[in-house]
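For clarity, every value in this text was computed on a predicted model and none was experimentally measured. For the single chain, residues carry numbers from 1 onward in sequence order. Just follow the structure's listing: the first ligand is 1, and inside any ligand the first atom is 1.
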Amino acid sequence: PSNDQGKVQNHETKAPTQLAFLAYPDLTRSKPSSVLFQQPSQLTTFSYTPEHVQEFTNSAMRYFVDPPSGANLSYGFERWIRKPDTRGRLDALLKAISKVKRNVEEQNGKLPEIGVVSWRGVMTKILTSPYENRDGWELNVMSINGTLYFEEHLTDARLQEKNNMEPRQKTQTYYGYAFESYCTSDSPHSSRHATERESHHGWGGDVDTNVQWCSVVRTKLGDTRLIIGGEVDCVRGKYTGQTDAFVELKTSLAIKGRHDEIKFEKKLCKFYFQSFLLGVPEIVVGFRTPAGVLTTVQSFKTIQIPRMVRGKPGAWDPLVCLEFGHRVLSLLKDITRKHSVQAENRQSVPVWRVKFVPGSGLRVNELEAAEVADVVNQEDRVGFLPRWYWNEIQD
Ligand code: A3P
Ligand code: MG
Ligand code: MG
């Protein structure tokens, strides 16, 4: 039987649990159809304390300062306080949304219908998939009253792997955090060097990855409204209460030849979408030696990045990513809508699994009871949503 619906093919007859398969996008297609992405607008911010407790303050906000050239990015490695990697639960983002909703309602307003709630990292993975040829990803998805909730699915094995990094990878990961320290200060007009608050030249304080400052924004991809939360590294100058002073900090190996340049241009796709999704207008890249010595620092305007790579060997087209993302969201909306009728007649709430395999594509299936139990992980949850939130959204 012909079950071809454009690119989306139903495979229900072959494998009953697989609901849909979205083929790997054909990058040779000349022109992707354009999907609009609305300028993100900030709803709220919050901080995580050193105990990794969420609070609705800007206590973890940092200000950009120029890092010293030649900075040693290994400095302070032994004192790094590492936040353990955990499942990508949405709880903190849901707390923020719940608070925003309450505030809006107190002023007799109403938050518009939201199509998707997700951490920024998950949306970045979805959007950059067309150009990803190494790392796959998996998501858990739930649909409640027309809102899709995304949670990254990390197996216990993958979590263990992340928590027991190879020494080399651990060192390289630290370089990124050390760069953040050198580039930031807790006051806007830092006289850090003059006061020598820190004994080490230009150092902004020891790295504690429990401490994070996060922004929650609303935006639109095509006709789907999204609420996205993500960490913001620092602000330049004065914090305006919006996203326009945000700065993303990145490190990368110094470019020494054509090969390095192509690799860097490929990486820019991820840098671009990571920042773009939260409305971060500036990315400051610290180039380093393999041994972690900062060589040069370059600032990029986020919106100009696509133009920089256009027509180059490692080129990527942001429209391909936006179109792919739009197709993924449409597919998930369709699947969850189609199956919601069946869902009404049963006890449990369905949880969906999306699996992306580079070079192959993306498949969606519904989890079986045992797999849902794995997602719940004996916590007080409905699927992966915390029960307090679940209760709150029941009319
Ligand atoms: P770099 O990006 O400079 O390498 P972010 O850039 O998102 O603010 O993250 C800060 C740092 O966290 C990164 O610095 C990197 O060291 C580490 N990091 C972020 N995402 C990571 C991932 N998926 N795997 C390993 N390290 C990661
Ligand atoms: Mg960050
Ligand atoms: Mg960063």
Side-chain angles (χ1 to χ4, degrees), residues 45-48 52 60-64 67 71 73-77 80-88 119-126 128-129 132 134-138 152-154 158-184 204 207-216 228-236 243 246-254 263-264 266-290 292-300 302 305:
T45 55
F46 60 84
S47 296
Y48 286 106
H52 203 65
M61 189 179 82
R62 308 272 299 168
Y63 293 92
F64 180 81
L73 301 177
S74 305
Y75 180 76
F77 178 75
W80 176 15
I81 301 174
R82 267 186 87 190
K83 179 184 98 65
D85 270 304
T86 53
R87 294 172 186 238
W119 288 117
R120 178 262 312 270
V122 166
M123 284 306 299
T124 305
K125 283 187 178 166
I126 294 174
T128 57
S129 298
E132 180 59 62
R134 200 185 57 187
D135 302 321
W137 47 258
E138 290 185 66
E152 182 167 20
H153 172 65
L154 294 166
R158 180 78 189 99
L159 270 178
Q160 255 193 359
E161 208 177 286
K162 285 185 99 167
N163 279 307
N164 300 297
M165 251 185 249
E166 295 289 323
R168 211 178 84 96
Q169 208 205 336
K170 198 170 161 189
T171 310
Q172 292 190 353
T173 299
Y174 181 76
Y175 294 158
Y177 295 124
F179 181 62
E180 290 182 355
S181 176
Y182 282 114
C183 282
T184 63
V207 176
D208 181 346
T209 41
N210 288 294
V211 178
Q212 292 176 319
W213 186 55
C214 295
S215 172
V216 178
I228 302 174
E231 192 195 4
V232 177
D233 291 335
C234 59
V235 299
R236 188 187 278 277
T243 68
F246 289 0
V247 179
E248 171 61 42
L249 303 170
K250 285 282 171 198
T251 55
S252 200
L253 266 182
K263 261 175 77 176
F264 179 69
K266 255 189 92 79
K267 264 167 84 176
L268 278 177
C269 180
K270 287 183 182 172
F271 292 6
Y272 172 75
F273 276 106
Q274 177 183 9
S275 294
F276 177 81
L277 284 167
L278 272 194
V280 178
E282 180 184 6
I283 305 173
V284 173
V285 180
F287 292 96
R288 61 165 179 84
T289 67
V293 175
L294 189 63
T295 51
T296 52
V297 175
Q298 194 178 347
S299 166
F300 297 88
T302 307
I305 288 177

Examine F287 together with F264 and report whether their ring centres are nearer than 6.0 Å.
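Yes: the rings meet the under 6.0 Å criterion.
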
Please check if the distance between the ring centroids of Y174 and Y177 is under 6.0 Å.
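No, they do not, as the ring centres are separated by 6.0 Å or more.
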
Keeping the roles fixed (side chain from R62, backbone from G204), state whether a donor-acceptor pair exists under 3.5 Å.
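It does hold such a pair.
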
Any side-chain heavy atom of [X] sitting closer than 4.5 Å to one from [Y]?
{"X": "T184", "Y": "D233", "answer": "no"}
{"X": "Y272", "Y": "T302", "answer": "yes"}
{"X": "V235", "Y": "F246", "answer": "yes"}
{"X": "I126", "Y": "W137", "answer": "yes"}

Below 2.8 Å, which protein N, O or S atoms neighbour the Mg ion (ligand 3), ignoring water?
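Atoms qualifying: D233 OD2, E248 OE2, L249 O.
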
Can you pull the residues with any heavy atom under 4.0 Å from ligand 1?
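The 4.0 Å shell around ligand 1 contains T173, G176, Y177, E180, D233, E248, L249, K250, T251, Q274.
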
How are the rings of H52 and Y48 set relative to one another: parallel (under 30°), tilted (30 to 60°) or perpendicular (over 60°)?
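Parallel, since the angle between the ring planes stays under 30°.
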
With distance as the sole criterion, is a donor-acceptor pair present between the side chains of Q212 and K83 under 3.5 Å?
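No, no side-chain donor-acceptor contact under 3.5 Å.
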
